[in-house]
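Let me begin by presenting the structure, written as structure tokens, before commenting on it.
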Amino acid sequence: MNPTIEEMQQHCSIRKFADRELETGTLKQLLLAGQAAATSSFIQATTVIQVTDLEIRSRMVDISGNQKYVRSAAEFLVFCADLQRIRHRVKALGLEAEFDWTEQFITATIDVALFAQNTVIAAESLGLGCCYIGGIRNQPEDVCQLLGLPDLVYPVFGLCIGYPAQSPGKKPRLPLPAIVHQNSYQALGDTDQSIDHYDQDVSKYYDERTAGKRKTGWSEQMMQQAERQTRSFMLNFLHKRGLLRR
Ligand SMILES: Cc1cc2nc3c(=O)[nH]c(=O)nc-3n(C[C@H](O)[C@H](O)[C@H](O)COP(=O)(O)O)c2cc1C
């Protein structure tokens, strides 16, 4: 195709980093690429906190379930959805507004994801590796306190960036015909066979990387996830931040 598409199709998360800083000015260029992403209604609702303080990094390692690469990556960024900045600006213009609609929450969160993914693509194009860290939402209140986040701002995920010290290879994705439907939603039974094959591919992927210790297919992984209570405190946390109230 072209180098951009080839690069994007080779994406894999990196969880082991070389002890090497990014070159001066690189992070700024990555963030400018991130910031160039589309933004819902021009709201630009992303705030990025660059965490250089190693004590805060260590706390983030604990919060995210002992993910050590949060400390060892050259850069660790926390991507926040931020409706406080807009509230502050419109208040200065004389308008008191709450910014607690569900739609505003969705658009702010989408903004963050697009910004971050542009940053990742830019980083990978330079030979850097990245890993998103949703694990920071294990204790979101603590993250808010550590980073001094005001109301209407919430941490969506962290992002490790650095030079890779591993090459885990591409993790197989669902077959395209199973996820791209023509004109209307395809009967799910029609895709069962191709997803059965996919489960085998995923199982092989883990088998090869764990010397046979793990062989879970994708469907089985989804079952394990569905059985877990996933961060059941989240709605309450977001309400307390002033978000998602109506
Ligand atoms: C929003 C988000 C949060 C994630 N959180 C974590 C995380 O906390 N720890 C981790 O090791 N990987 C995390 N990941 C990476 C996924 O596990 C990974 O993208 C997925 O397994 C596919 O693997 P690949 O990126 O190597 O293709 C996260 C990915 C996303 C998009």
Side-chain angles (χ1 to χ4, degrees), residues 5-17 34 37 45-49 51 57-81 105-106 108-125 127-140 142-143 146 154-176 178-179 195 198-199 201-210 214-226 228 230-231 234 237-238:
I5 295 175
E6 276 166 26
E7 181 76 47
M8 289 171 75
Q9 291 182 356
Q10 289 311 310
H11 157 82
C12 60
S13 293
I14 294 299
R15 298 181 178 85
K16 202 162 183 255
F17 293 97
T46 306
T47 289
V48 181
I49 314 255
V51 183
R57 287 251 205 140
S58 295
R59 283 288 295 126
M60 296 285 186
V61 169
D62 296 340
I63 287 171
S64 60
N66 202 26
Q67 300 198 54
K68 294 203 165 47
Y69 27 95
V70 166
R71 200 174 191 283
S72 58
E75 296 290 346
F76 183 66
L77 308 176
V78 176
F79 280 82
C80 304
F105 171 81
I106 293 172
T109 306
I110 292 172
D111 259 31
V112 170
L114 297 182
F115 188 130
Q117 184 56 21
N118 257 21
T119 307
V120 167
I121 293 168
E124 290 179 346
S125 78
L128 292 160
C130 298
C131 188
Y132 284 103
I133 305 292
I136 63 163
R137 292 194 312 276
N138 289 340
Q139 296 172 42
D142 291 346
V143 173
L146 273 170
Y154 90 98
V156 184
F157 43 67
L159 183 68
C160 301
I161 307 177
Y163 282 96
Q166 63 174 178
S167 40
K170 198 171 141 75
K171 198 182 213 176
R173 295 297 200 257
L174 283 162
L176 213 48
I179 59 159
I195 298 184
Y198 174 65
D199 279 335
D201 291 346
V202 173
S203 173
K204 194 161 158 263
Y205 167 91
Y206 286 118
D207 188 19
E208 285 168 6
R209 280 158 185 80
T210 63
R214 180 181 178 186
K215 292 185 184 179
T216 35
W218 177 77
S219 303
E220 207 182 331
Q221 261 190 61
M222 295 306 106
M223 189 181 73
Q224 289 166 354
Q225 278 202 20
R228 261 187 259 141
T230 89
R231 299 178 186 137
M234 199 51 78
F237 160 73
L238 292 169

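Each ligand, and each atom within it, is numbered from 1 in the order the structure gives.
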Return yes or no for this condition: an N or O of C131 is under 3.5 Å from an N or O of ligand 1.
->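 No, since none of the N or O atoms of C131 sits under 3.5 Å from an N or O of ligand 1.
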
Under 3.5 Å: N/O of F157 near N/O of ligand 1 |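 There is no such contact.
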
Short list, please: which atoms of ligand 1 are under 4.0 Å from a heavy atom of [X]?
{"X": "K171", "value": "20 (C), 21 (O), 22 (C), 23 (O), 27 (O)"}
{"X": "G135", "value": "8 (O)"}
{"X": "Q67", "value": "7 (C), 8 (O), 9 (N), 10 (C), 11 (O)"}
{"X": "C12", "value": "26 (O)"}

Between [X] (side chain only) and [Y] (backbone N and O only), is there a donor and an acceptor less than 3.5 Å apart?
{"X": "D207", "Y": "K215", "result": "no"}
{"X": "K171", "Y": "C12", "result": "no"}
{"X": "R15", "Y": "P168", "result": "no"}
{"X": "R137", "Y": "P155", "result": "no"}

Identify, for [atom], the protein heavy atom at the shortest distance, and state residue, atom and that distance.
{"atom": "atom 13 (C) of ligand 1", "answer": "Y132 O, 3.0 Å"}
{"atom": "atom 15 (C) of ligand 1", "answer": "R15 NH2, 3.6 Å"}
{"atom": "atom 3 (C) of ligand 1", "answer": "G134 N, 3.4 Å"}
{"atom": "atom 18 (C) of ligand 1", "answer": "S13 OG, 3.6 Å"}

Does K170 reach ligand 1, in the sense of a heavy atom lying below 4.0 Å from it?
->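 In this structure, K170 fails to qualify as a contact of ligand 1 - no heavy atom is under 4.0 Å.
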
Give a yes or no on whether the ring-centroid distance for F105 and Y154 is below 6.0 angstrom.
->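 For F105 and Y154, the ring centres are under 6.0 Å apart.
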
Can you name the closest pair of heavy atoms from K170 and R209 and give their distance?
->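 The answer is O-NH2, 4.5 Å.
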
With side-chain contact (heavy atoms from CB on, under 4.5 Å) as the test, would you mind laying out the steps for Y69 and K16 before giving the verdict?
-> CA-CA 6 Å; Y69 27 95; K16 202 162 183 255; over 6 Å; no

Please state which part of Q221 comes within less than 4.0 Å of ligand 1, counting heavy atoms only: side chain, backbone, both or neither.
->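 Near ligand 1, Q221 shows nothing, with every heavy atom at 4.0 Å or more.
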
Give the contacting part of Y69 toward ligand 1: side chain, backbone, both or neither, where contact means a heavy-atom distance below 4.0 Å.
->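 Looking at Y69 and ligand 1, just side chain atoms fall under 4.0 Å.
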
Is V61 close to N66 at the side-chain level, that is, under 4.5 Å between some pair of heavy atoms?
->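 Yes - at least one pair of side-chain heavy atoms lies under 4.5 Å apart.
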
Check: I161 and C130 side chains under 4.5 Å, non-hydrogen atoms =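 Counting from C-beta outward, C130 and I161 do come under 4.5 Å.
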
